[in-house]
Amino acid sequence: MSALLEVRDLVVDIPLAAGMLHPVRGVTFSVERGETLCIVGESGCGKSLTALALMALLPRRAKRTAAKLTLSDTDLLAARDDELADLRGSRMAMIFQEPMTSLNPAYTIGNQLEEMLLRHRRATRAEARERALFLLEKVGITAAASRLSQYPHQLSGGLRQRVMIAMALMCGPDLMIADEPTTALDVTIQAQILLLLGQLRREFGMGLVLITHDLGIVARIADRVAVMYAGQIVEHGSAAEVFREPRHPYTRGLMACIPVPGKVARGSPLGSIPGMVPSLIGSMSGCSFRSRCEFRRDQCEAEIALVEDATGHATRCILSVDEVTAAT
Amino acid sequence: MTALIETRDAERTFRVGRSLFQAARTLKAVNRVSLSVAKGEILGLVGESGCGKSTLAKMLLGLLEPTAGEILFAGQPLYSIPRLERARRVQPIFQDPYSSLNPRQTIAAIVSLPLRVHGVGSPTEQKKRVAEILDLVGLARRYADNYPNQLSGGQRQRVAIARALVMRPELVICDEPTSALDVSVQSQILNLLLELRKELGVTYILISHNLAVVEHLATRVAVMYLGRIVEEKDTESLFRHPEHPYTQVLLESVLTPEPGLGIPDSQLGVAFPNPIDPPSGCTFHPRCRYALPRCSTEAPVPLRTNGSLVECHLSLERAAREHRAAAAADTATGAAPQ
């Protein structure tokens with residue numbers, strides 16, 4: 001059986017006044033049904049544009065190419081605009097970071113939830129309402145019936161994000177893409193939303209692509225992790241493997257940066273990654289991390305491939321596993 | 001040791017919701033908070049959004065007078081200190097270095113503004129001070145003539161820190177200083193804050209929802225819930241033995257990067273109560289997993305024991321039990337010498 005989502009060599013180019021911007025440079029991954037893939041990276045690494053490219057929601061002037069882009073047996077590259085519009089919200093749904101800007105302030109919650117079914121399925125208003133009620137309760141909203149007639153501004157941030165999740169689930173999608181779904185929320189609410197996403201993914205057998213910059217979230221929810229840097233995946237593997245033995249110097253650097261209670265002595269300096277992300281405008285060559293890398297060598301000037309070992313743990317680095325682990 | 005800044009039952013209420021059909025109602029953003037920060041400490045202030053931590057920060061900055069109670073700075077009522085002097089001694093660092101810097105001013109102009117306001121030194125001396133402080137915060141001097149939009153987020157936050165520190169304030173209030181930054185930049189800024197404390201001996205109040213950051217930096221932590229401080233302790237014991245059920249939930253919700261642990265289920269329920277209409281008794285009782293009958297009717301009094309504070313009926317009852325047990329032991333042994 002083929003994977004639910006297959007992405008091969010996804011490239012996004014955006015022409016700017018200063019030259020061609022290459023925010024996504026050949027990204028390859030796949031997601032199975034019921035699996036959670038976390039794409040992790042810092043701002044500007046191309047993780048959000050990757051998500052938008054999957055949904056075909058890129059800005060108009062952006063150019064998307066890929067060797068393969070399929071959602072089970074549907075070829076997303078060949079799909080026409082109207083076919084894509086039918087797929088979005090129906091078989092693949094997306095949740096964004098800021099729930100206030102992704103809900104329409106002029107319509108009630110009920111209206112916006114029901115619209116999903118009315119648009120994509122031949123449902124009656126009553127059926128749509130029933131489904132909306134069912135899902136609002138599913139995502140843990142109390143007094144769901146009274147919420148249907150409320151407007152987004154009447155809800156708290158946590159509730160709005162729950163409404164967004166319910167909305168994404170209305171048509172029972174195969175694939176859910178969540179772009180920083182909890183970044184705007186408090187830690188307590190964050191835990192609840194993530195718990196909910198995990199439960200729903202199991203219950204509905206969805207594939208979940210979760211985009212985040214927070215390694216804590218990744219560790220707790222991901223089956224597999226893809227670490228992105230400067231538009232490329234630099235490390236990829238099962239969450240357990242990547243956290244047990246991070247191999248790319250960037251991944252190792254990221255992990256050293258976060259204060260972990262009990263692991264880093266209080267008040268002692270945290271690790272840091274010197275330098276800055278390279279410009280993604282114009283032509284680029286070689287390892288994009290080499291300007292900040294302590295292990296930099298001459299070979300890093302050449303293009304480096306993402307090499308996978310027998311366990312499926314892949315790294316885009318010339319260092320061997322032993323060399324990396326010996327260094328720390 | 002005398003406190004650098006101290007609040008005594010400080011309270012701030014707002015009148016909200018007045019409209020044609022509704023009378024104004026009172027929102028208690030900060031409810032009789034007594035807090036004291038000694039020189040050289042880093043006090044972490046944590047809590048969910050809407051708990052009043054930013055209002056408290058504004059009050060401590062001298063930007064919002066308490067409606068009741070008082071705030072003392074080095075023993076003197078904060079609001080009796082002239083505004084300029086207050087600004088020299090207490091400085092803020094805000095969350096978003098994109099909106100806290102004037103986009104039309106050069107970095108040198110932004111950082112030297114406090115010097116000009118206070119009339120410190122000649123223009124040449126001011127220039128020298130700016131260069132010194134830029135060195136101190138790790139920003140190359142060549143950026144002095146740049147504008148904020150030419151800098152990255154981390155560099156802008158360094159500018160904000162330089163501006164806050166150029167007058168050598170005694171207290172710096174950092175309101176979510178790294179929330180808008182990437183992880184790799186966050187660690188640089190946190191390291192910088194720690195270094196500057198060593199170098200300049202400043203006292204920090206660190207407001208953050210990121211408990212891992214607070215754990216790393218703070219020497220003491222105060223947990224706020226609905227305008228009250230419900231627990232306050234030194235960092236070590238707060239993280240090791242959180243006593244208040246709310247603190248426990250907060251700590252459980254921290255997602256440390258340890259795979260396999262899964263997402264904790266705090267069972268907290270969604271609803272953060274409406275601060276205009278706070279629950280009766282202990283304001284946390286509707287969400288508390290240990291709530292007793294009396295929690296919904298009777299507000300707990302703060303329990304202070306050697307420098308720590310907790311405000312919970314459970315802790316009060318435990319303390320009472322221990323007290324009774326100790327008393328019973330005393331009578332059993334008679335007046336045995338210790």
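Each chain gets a letter, A, B and so on, in the order its sequence line appears, and its residues count up from 1. Fair warning: this is a prediction, and the values are worked out from it, not measured in the lab.
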Side chain, backbone, both or neither: which part of A:Ala256 has a non-hydrogen atom closer than 4.5 Å to chain B?
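Interface part for A:Ala256: neither.
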
[atom1]/[X] to [atom2]/[Y] distance, rounded to the nearest 0.5 angstrom?
X        : Y        : atom1 : atom2 : answer
B:Asp265 : A:Gln199 : CG    : CD    : 7.5 Å
A:Ile217 : B:Ile263 : CD1   : CD1   : 7.5 Å
B:Leu250 : A:Asp186 : CG    : CG    : 8.5 Å
A:Ile189 : B:Ser49  : CD1   : OG    : 7.5 Å
A:Ile273 : B:Ser187 : CD1   : OG    : 7.5 Å
A:Leu270 : B:Ile189 : CG    : CD1   : 12.0 Å

How far apart are the closest heavy atoms of [X] and [Y], and which atoms are they?
X        : Y        : value
B:Pro264 : A:Arg220 : CD-NH1, 3.8 Å
B:Thr256 : A:Ala219 : O-CB, 4.3 Å
B:Ala218 : A:Arg266 : O-CD, 3.4 Å
B:His209 : A:Val187 : O-CG1, 3.8 Å
A:Ile258 : B:Pro257 : CD1-CG, 3.5 Å
A:Met276 : B:Gln155 : SD-NE2, 4.4 Å

Heavy-atom proximity to chain A below 4.5 Å, by part of [X]:
X        : value
B:Ser152 : side chain
B:Asn191 : side chain
B:Gln186 : side chain
B:Glu252 : neither

Taking every non-hydrogen pair under 4.5 Å, which of B:Leu181, B:Val254, B:Thr235, B:Thr219 racks up the most with chain A?
B:Thr235

Answer key: most heavy-atom pairs under 4.5 Å with chain B among A:Thr183, A:Thr188, A:Val260 is A:Thr188

Short side-chain to backbone donor-acceptor contact, B:His216 and A:Ser268, under 3.5 Å:
yes

Counting only heavy atoms from other residues, nucleotides and ligands, does the tally under 6.0 Å from CZ of B:Arg289 exceed 12?
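For B:Arg289, atom CZ is crowded (more than 12 foreign heavy atoms under 6.0 Å).
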
